[in-house]
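Data first, discussion second: the structure below is written as structure tokens.
Labels below follow one simple rule: chain letters A, B, ... track the order of the sequence lines, proteins then strands, and each chain is numbered from 1.
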Amino acid sequence: MTVRVRIAPSPTGLLHVGNARTALFNWLFARNRGGTFIVRIDDTDRERSTPEYERDILDSLRWLGLDWDEGVEVGGPHGTYRQSDRFDRYRELAHRLVAEGHAYHDPRTPDELEELRARARAEGRHPGTYIRRPSQQARTGPIRLSIPQDRPIRFDDLVRGEVVFDPASVDDFVILRSDGTPTYHLASTVDDIDFAITHVARGEDLLPSTPKHIVLAEALGARPPAYAHLPLLLGPDGKLLSKRHGATAVSAYREQGYLPEAMFNYLALLGWSPGGDVTIFSREEAIGAFDLGKVSKHPAVFDPAKLEWMNGEYLRAMSTDEFLRRAFPYVETAVGRALTGDEKRAIATIGLLVQERVKTLAEVADQVGFLLGEPDYDPGSWQKVMTGDHVPTVLDEALRRLERLEPFDHRHVEETLRAMLDQLGLGARKGLQPIRVAVTGSSISPPLFESIAALGRDRTLERIRRARRRLGG
RNA sequence: GGCCCCGUCGUCCAGUGGCCCAGGACGCCGGCCUUUCAAGCCGGAAACGCCGGUUCGAAUCCGGUCGGGGCUGCCA
């Protein structure tokens with residue numbers, strides 16, 4: 001039987017890296033097995049679902065390169081792949097389950113239910129123990145599935161092995177709300193059956209829901225899919241990764257200049273590895289080696305520092321042409337306008353030097369900003385570098401030498417500035433840093449000689465004079 | 001509280017009875033290189049939670065214990 005897997009995000013927020021990792025593992029599994037990867041939108045929560053979030057989720061998935069074979073926006077034999085379009089189907093099945101005796105209308109009030117839960121707790125039992133079919137039959141109220149109490153519920157989890165639940169610890173849960181809308185459990189289980197899903201790989205947080213889904217599927221006359229519960233992603237404090245830990249949206253990393261291939265690689269390594277000492281690997285290598293059975297059982301801490309390092313690795317591994325092509329849009333966003341051809345060419349002359357010093361594409365703008373407009377002096381840099389007695393002399397001498405330098409390329413700039421160092425008896429640090437600050441505004445910049453050449457004679461002289469004036473005297 | 005899951009360096013991963021006084025990566029520390037910042041190179045500190053078993057032999061198997069996490073809703 002050919003593998004059919006799905007991810008079913010709820011459009012109630014941006015695509016979270018944890019969900020992206022779940023999507024990634026499903027995608028890898030499908031690609032490894034020559035199966036079908038499906039994207040379904042679980043928007044049963046009409047209140048919180050928005051088209052904007054759905055857009056972000058789909059864009060982020062595509063950005064990561066997780067293309068889907070069936071589902072929302074690409075179509076397929078199962079309708080729109082959006083649960084909000086299938087409410088009639090869920091309702092019909094819920095009522096059928098009542099008619100067949102598998103489910104019942106629950107007439108109790110929230111207070112009554114709360115009392116049952118409190119009683120179970122007080123007795124040291126599972127809170128759902130007494131949420132069972134009441135003696136009197138009702139025609140209204142939410143519909144609950146009846147959990148048979150005569151046998152344990154067991155299944156073989158692809159990553160955890162056999163898991164067994166005592167039915168007493170599984171409450172009769174609501175499948176259809178009193179307003180006639182389905183709960184997640186119903187909609188998800190019905191869709192998995194209707195769409196012929198063979199494997200459900202999802203976060204471990206859904207593990208306690210799995211016995212419910214199994215009983216539901218069987219009550220519907222279907223064979224449940226195989227399950228794989230993936231380890232959760234944690235923040236540095238060991239708690240479930242969430243916004244309070246910082247950026248968790250895939251699109252946020254995209255905006256910060258992370259590469260999809262780096263994010264892909266990093267996410268794949270959270271809870272899985274192709275084996276051995278391999279840390280950096282391609283999409284194809286991941287597909288070839290992927291196996292749900294080799295996914296680890298314990299949660300993983302999401303470490304932005306390692307992601308950043310990995311992004312730098314990918315940045316340095318690409319050609320400088322490609323690096324520039326991908327960096328320009330980030331620079332344009334940062335300066336708020338399109339770059340001119342001259343500016344792009346100027347940036348390109350120091351492209352390699354920038355490429356080996358940045359960890360994200362967004363940082364490129366910081367590195368090349370001095371080429372795109374008059375920089376402000378960084379106060380700390382000025383204080384540290386421009387207050388020495390030798391500085392006016394350095395600037396004057398640099399001006400004198402650069403004014404007539406021909407040709408004005410980085411080799412000649414270096415030659416004449418090094419000669420200046422000798423003449424003034426200054427070390428490189430003391431002699432060159434003032435020029436760097438004068439020209440770039442900061443004590444941190446790409447290598448000086450190339451930067452000066454990229455900037456050109458006129459603007460270089462102009463900036464040194466401006467710094468000189470600021471010094472007075 | 002109850003149910004379930006999990007437990008190798010700070011973090012991610014390798015390890016499926018002997019190749020392990022535990023390997024790689026990030027981070028950290030030190031050094032080299034060096035015009036700043038990076039990158040690169042070299043070196044270092046750093047873990048099998050604990051206690052019992054099984055075995056000639058255990059990080060690897062079993063039990064217990066401790067610890068962590070998830071769930072516990074007419075959210076998903």
Write down the distance separating the [atom1] atoms in [N] and [M], rounded off to the nearest Å.
{"N": "A14(B)", "M": "A76(B)", "atom1": "P", "result": "35 Å"}
{"N": "G69(B)", "M": "C33(B)", "atom1": "C1'", "result": "46 Å"}
{"N": "A59(B)", "M": "C9(B)", "atom1": "P", "result": "15 Å"}
{"N": "C56(B)", "M": "G44(B)", "atom1": "P", "result": "38 Å"}
{"N": "C61(B)", "M": "U54(B)", "atom1": "C1'", "result": "8 Å"}
{"N": "C42(B)", "M": "U34(B)", "atom1": "C1'", "result": "16 Å"}
{"N": "C13(B)", "M": "G30(B)", "atom1": "C1'", "result": "26 Å"}
{"N": "C5(B)", "M": "A46(B)", "atom1": "P", "result": "36 Å"}

How would you label the contact of [X] with the nucleic acid (heavy atoms, under 4.0 Å): base, sugar-phosphate, or nothing?
{"X": "Glu313(A)", "result": "sugar-phosphate"}
{"X": "Gly271(A)", "result": "sugar-phosphate"}
{"X": "Ser273(A)", "result": "sugar-phosphate"}
{"X": "Leu232(A)", "result": "sugar-phosphate"}
{"X": "Pro110(A)", "result": "nothing"}
{"X": "Arg418(A)", "result": "base"}
{"X": "Pro236(A)", "result": "nothing"}
{"X": "Thr44(A)", "result": "sugar-phosphate"}
{"X": "Arg429(A)", "result": "sugar-phosphate"}
{"X": "Phe173(A)", "result": "nothing"}
{"X": "Gly128(A)", "result": "nothing"}
{"X": "His229(A)", "result": "nothing"}
{"X": "Ser10(A)", "result": "sugar-phosphate"}
{"X": "Leu206(A)", "result": "base"}

Handout entry: Under 3.5 Å side-chain donor-acceptor pair for Thr181(A) and Asp179(A)
Key = yes
Handout entry: Pair Tyr314(A), Asn265(A): side-chain N/O donor-acceptor within cut-off below 3.5 Å
Key = yes
Has [X] got a side-chain N or O lying under 4.0 Å from the OP1 or OP2 atom of [N]?
{"X": "Arg316(A)", "N": "G40(B)", "result": "yes"}
{"X": "Lys239(A)", "N": "G68(B)", "result": "no"}
{"X": "Arg144(A)", "N": "C74(B)", "result": "yes"}

Consider the side chain of [X], meaning its heavy atoms from C-beta on, and name the nucleotide among [options] that approaches it most closely.
{"X": "Arg357(A)", "options": "C6(B), C37(B), C26(B)", "result": "C37(B)"}
{"X": "His185(A)", "options": "C3(B), C74(B), A76(B)", "result": "A76(B)"}
{"X": "Trp309(A)", "options": "A38(B), C37(B), C26(B)", "result": "C26(B)"}
{"X": "Arg160(A)", "options": "C5(B), U35(B), A76(B)", "result": "C5(B)"}
{"X": "Val301(A)", "options": "U35(B), A14(B), U11(B)", "result": "U11(B)"}
{"X": "Ser209(A)", "options": "A76(B), C74(B), U36(B)", "result": "A76(B)"}
{"X": "Val174(A)", "options": "C74(B), U35(B), C4(B)", "result": "C74(B)"}
{"X": "His298(A)", "options": "C3(B), U35(B), U8(B)", "result": "U8(B)"}
{"X": "Lys297(A)", "options": "C6(B), C12(B), G70(B)", "result": "C6(B)"}
{"X": "Leu207(A)", "options": "U36(B), C4(B), G2(B)", "result": "C4(B)"}

Tell me: [atom1] of [X] to [atom2] of [N], nearest whole Å?
{"X": "Ile444(A)", "N": "C37(B)", "atom1": "CD1", "atom2": "P", "answer": "7 Å"}
{"X": "Gln355(A)", "N": "A38(B)", "atom1": "CD", "atom2": "C1'", "answer": "13 Å"}
{"X": "His213(A)", "N": "C4(B)", "atom1": "NE2", "atom2": "P", "answer": "18 Å"}
{"X": "Glu414(A)", "N": "U34(B)", "atom1": "CD", "atom2": "P", "answer": "12 Å"}

[Y]/[X] salt bridge by N-O under 4.0 Å criterion:
{"X": "Arg357(A)", "Y": "Asp366(A)", "answer": "no"}
{"X": "Asp106(A)", "Y": "Arg108(A)", "answer": "yes"}
{"X": "Asp194(A)", "Y": "Arg86(A)", "answer": "yes"}

Practice task
Cation-pi check, Arg21(A) to Phe25(A): give yes when NZ or CZ is under 6.0 Å from the six-membered ring centre and within 45° of the ring axis, no otherwise.
Solution key: yes
Exercise for the section: Give a yes or no on whether the ring-centroid distance for Tyr184(A) and His213(A) is below 6.0 angstrom. Expected result: yes
Fill in the blank from the handout: One should read off an interatomic distance between Arg411(A) CZ and Glu450(A) CD, to the nearest 0.5 angstrom, of 8.5 Å
